[in-house]
Protein chains: 2
Amino acid sequence: MTRPRPNRRSGCPVSVSLEILGDRWSLLIVRDMMVRAFRTFKQFQGSGEAIATNILADRLRKLEAAGIIVRERNPSDSRSIAYRLTQKGIDLAPVLLELLIWGARHEETDAACAAIDVMAQNRAAILDEVRRRWQQGDPNALQVDGEWRLPF
Amino acid sequence: MTRPRPNRRSGCPVSVSLEILGDRWSLLIVRDMMVRAFRTFKQFQGSGEAIATNILADRLRKLEAAGIIVRERNPSDSRSIAYRLTQKGIDLAPVLLELLIWGARHEETDAACAAIDVMAQNRAAILDEVRRRWQQGDPNALQVDGEWRLPF
DNA sequence: CCGGATCCGTTTCGATACTG
DNA sequence: CAGTATCGAAACGGATCCGG
């Protein structure tokens, strides 16, 4: 006899957004897809943050249910499954960018201060590049010569 | 015999930010302070989202430990305790604004679509107003004639 | 192998009752 | 008013197992 957990939240946008994204992993998965071009279960597993496989599976399901990602099976190789961001998912880029700038400014992170200032002053250009890469249908990671261009 | 929960996270800014803010309540508390000018424990309790008192106490402690808010005791009335955003907390305004715009665009919320378009095109002005109100030391809620000016 | 599902111990959450 | 105390429910983390 398990009662469903009550969810007495207001309909304010921030509240509704946090209902989906308000945990430690969901936005991180979206970031990995967006700027590192991760597409498979395996890639997320080894992303350096060591998410448990059951949690990862759960989050991928929830993100799919929320319409943020889609799950696709490779027709030629049925073993291979790939996840892809939807437009709704790509639209999280501004949230991630602001979170990045805030963290880099106020927390101890690996990002160089100078790089952050540059990013903060070029928000629009960065977001344009992310959108362009994804709408071309070939979302390469935001890296140049094997190095992350941005310290996401 | 309680082992501390392992926290094997990268030092990337987004990851570090989510370590502090990656739950369903922290950002909501910051929003209530920022746009509704909530300052007391009691106000947060009745914010319409029905946070449990022990969770609220825990989040306020964690936000204080992270330097996002400060806890102040009224010298004249020692029973009265007020919380206030620090600069680090005010700097979360862009994150909240992007989260608001995303939620309003893509989720069922109480916010009118037209209002969101206006906000999305006036990000800078909105953030300026938030900062100005807070730096005056008298952070009034973002409301006019008792109505919320913005559908946060 | 890949993409999970299952099991189990630990941690956190949520609701309510209670207190200085 | 501003929180604790308590306790059952849910989420998490690690390890292992499994089907294609």
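Because the structure is a prediction, the values reported are computed rather than measured. Numbers restart at 1 for each chain; the letters A, B, ... are given by sequence-line order, proteins then strands. All values below were derived from every heavy atom in this structure, side-chain atoms included, with hydrogens, water molecules and symmetry-related copies excluded.
Protein atom CD1 of Ile69(A) is 13 Å distant from nucleotide atom C1' of dG3(C), rounded to whole Å. When the P atom of dG14(C) is taken as reference, atom CG of Leu56(B) falls 12 Å away, rounded to whole Å. The nearest whole Å value for the distance from the CD atom in Gln45(A) to the P atom in dG4(C) is 10 Å. As rounded to whole Å, 14 Å separates atom C1' of dC12(D) from atom CZ of Arg61(A). Straight-line distance from the CZ atom of Phe38(A) to the P atom of dG3(C): 13 Å, rounded to whole Å. Remark: P of dG9(C) and CD1 of Ile55(A) are 17 Å apart, rounded to the nearest angstrom. Rounded to whole Å, the distance from CD on Gln43(A) to C1' on dC2(C) is 12 Å. With rounding to whole Å, Leu18(A) atom CG is found 14 Å from dC13(C) atom P.
Lys42(B) has no side-chain polar atom (N or O) that falls below the 4.0 Å cut-off from OP1 or OP2 of dA2(D). In this model, the phosphate group of dC13(C) is not approached by any side-chain N or O of Trp25(B) to a distance below 4.0 Å at OP1 or OP2. For dG14(C), neither phosphate oxygen OP1 nor OP2 lies less than 4.0 angstrom from any side-chain nitrogen or oxygen of Arg59(B). Remark: Tyr83(B) is in phosphate contact with dG3(D), judged by side-chain N or O atoms under 4.0 Å from OP1 or OP2.
When distances run from any side-chain atom of Ile81(A) to the nucleotides dA2(D), dG3(C), dA15(C), the shortest one goes to dG3(C). Ranking dC1(D), dG3(C), dC12(D) by closeness to the Asp23(A) side chain, first place goes to dC12(D). Closest to the Thr53(B) side chain, of the nucleotides dG4(C), dA2(D), dT4(D), is dT4(D). Set against dA15(C), dA17(C), dG4(C), the side chain of Ala52(B) has dA15(C) as its closest nucleotide. Closest approach to the Ala57(B) side chain among dA15(D), dG3(D), dG14(C) is made by dG3(D) (side chain taken as heavy atoms from C-beta onward). Comparing dG14(D), dC12(D), dG14(C) by their nearest atom to the side chain of Asn54(A) picks out dG14(D). Relative to the side chain of Arg24(B), the nucleotides dA2(D), dC13(C), dG3(D) differ in distance, and dC13(C) lies closest.
Between Gly89(B) and Val30(B), the closest heavy-atom pair is O-CG1, 4.1 Å. Of all heavy-atom pairs between Ser26(A) and Ile20(A), the closest is OG-O, 3.9 Å.
Residues Phe41(B) and Ile51(A) both approach DNA chain D. Their nearest nucleotides, taken by heavy-atom distance, put Phe41(B) toward the 5′ side.
Residue Arg73(B) is classed as having no contact, given no heavy-atom separation below 4.0 Å to the nucleic acid.
Here Glu72(B) pairs with Arg84(B) in a salt bridge; the nearest charged N to carboxylate O distance falls below 4.0 Å. Taking the charged nitrogens against the carboxylate oxygens, Asp58(A) and Lys62(A) do have a contact shorter than 4.0 Å, which makes a salt bridge. Taking the charged nitrogens against the carboxylate oxygens, Asp91(B) and Lys88(B) have no contact shorter than 4.0 Å, which rules out a salt bridge.
For the side-chain contact (heavy atoms from CB on, under 4.5 Å) with Arg31(B), the qualifying choice from Val95(B), Leu100(B), Leu96(B), Leu97(B) is Leu96(B), the only one to do so.
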